[in-house]
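Report on the structure given below.
In this text, all values refer to a predicted model and were calculated from it rather than measured experimentally. For this chain, numbers begin at 1 and follow the sequence in order.
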Amino acid sequence: HRDLHSFPTRRSSDLDDVLFETNRKWVTAQQNLIFDVHSRLAGLPGTVDVRKDLLTKSLNNLKEASAQYQSNKTRNRRGMFAKTVLADLHVKIGSGLQGASDPIEAGTAETEQAPWSIAKTLYEEARGIGEELLKGSTSKDTNRVALDLSLINLKLGRLSQDMDDDLPTTKKYYDDAIEILGTLPNQADRTVRRDLSVAHVGLGDLYISKKDTENAKKHYDDAFEIRQDLARNATDSDAQVDLALAYERLAKLAENSFDN
């Protein structure tokens, strides 16, 4: 899925902005390198200790980065962006731990707050900043902030579902994203429409997990309709991939319905 709109949006003479952007890129690059090495070692025998050390280093690095970002109390897009970047990285660590094939690796985070819980807290903080910004936005900034906020809600919805939160909690994140996207003036914008389809897919997946096939089909159909239209007018392959995934979900739903 897309990232938040790049920050800063223009060349800035503000030293804090420059330092923030440099630090963000460094932390992200370092984490991605750790994730890459960890994934390459995952299937090899005798690498448990190395993988454990990598994940521990990753968590420690993020702990330091979080402390630096938290020291800046400014509630602006930079703060929202920083928290979201940190949350994204914690989600990746948590996903790696969820897929751990051995107990010792999964135990890496036992002495720390679970990475997904940290990620959810950071996303919620970013969401709070976004809501404040949206209330005080000028017309020029409203669309940009609204798109950022809708994306944070989509990330929260997926994470909430992965964490097995109750249906009302998870559903509200997706519903909020749909509501925000519905307020934007250009409903034909491809980013707006794709994000809307992502929200419907998320709700469909949520209802499937609760064995509610009727509501799942409704949202899968809504997502399919949007993606079919986007693929029809697309100049890249991403829209075709999205449409194929929508077909796949509807096919699996039909297969399960027939089985029952």
Ignoring hydrogens and geometry, is there a side-chain-to-backbone donor-acceptor pair from [X] to [Y] under 3.5 Å?
{"X": "Y174", "Y": "R158", "result": "yes"}
{"X": "S197", "Y": "R194", "result": "yes"}
{"X": "N153", "Y": "L149", "result": "yes"}
{"X": "Q240", "Y": "A231", "result": "yes"}

So among D175, D222, I208, which one has a side-chain contact (heavy atoms from CB on, under 4.5 Å) with L203?
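So, applying the side-chain contact (heavy atoms from CB on, under 4.5 Å) to L203 and each of D175, D222, I208, only D175 qualifies.
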Spacing of [atom1] belonging to [X] relative to [atom2] belonging to [Y], to within rounding of 0.5 Å:
{"X": "M163", "Y": "D165", "atom1": "CE", "atom2": "CG", "value": "5.5 Å"}
{"X": "S160", "Y": "L167", "atom1": "OG", "atom2": "CG", "value": "9.5 Å"}
{"X": "R144", "Y": "L184", "atom1": "CZ", "atom2": "CG", "value": "13.5 Å"}
{"X": "N143", "Y": "D189", "atom1": "CG", "atom2": "CG", "value": "8.5 Å"}
{"X": "T213", "Y": "L253", "atom1": "OG1", "atom2": "CG", "value": "6.0 Å"}

Path from [X] to [Y] over hydrophobic side-chain contacts below 4.5 Å:
{"X": "L230", "Y": "V192", "value": "yes"}
{"X": "I226", "Y": "L154", "value": "yes"}
{"X": "L245", "Y": "Y220", "value": "no"}
{"X": "I152", "Y": "V201", "value": "no"}

Of the options H200, Q161, R249, which is the one that meets D205 in a side-chain hydrogen bond (donor to acceptor under 3.5 Å, both in side chains)?
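Option passing the side-chain hydrogen bond (donor to acceptor under 3.5 Å, both in side chains) with D205: R249.
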I'd like to check the side-chain hydrogen bond (donor to acceptor under 3.5 Å, both in side chains) partners of K172; sequence neighbours left out, ordered by chain and number.
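For K172 the side-chain hydrogen bond (donor to acceptor under 3.5 Å, both in side chains) partners, ignoring immediate neighbours, are D176.
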T169: side-chain hydrogen bond (donor to acceptor under 3.5 Å, both in side chains) partners, not counting sequence neighbours:
D166
For [X] against [Y], the heavy-atom pair lying closest together:
{"X": "A216", "Y": "G204", "value": "CB-O, 3.5 Å"}
{"X": "L196", "Y": "L181", "value": "N-CD1, 3.6 Å"}
{"X": "R227", "Y": "A246", "value": "CD-CB, 4.2 Å"}

Does the pair [X]/[Y] count as a salt bridge with the N-to-O cut at 4.0 Å?
{"X": "K218", "Y": "E214", "value": "no"}
{"X": "E124", "Y": "K120", "value": "no"}
{"X": "E255", "Y": "K252", "value": "no"}

Would you call the rings of Y207 and H219 parallel, tilted or perpendicular if under 30° counts as parallel and over 60° as perpendicular?
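Aromatic pair Y207/H219 classed parallel.
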Between L250 and D221, is there a side-chain heavy-atom distance shorter than 4.5 Å?
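Side-chain contact under 4.5 Å: yes.
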Just wondering, do T191 and L147 contact through their side chains at under 4.5 Å, heavy atoms?
yes
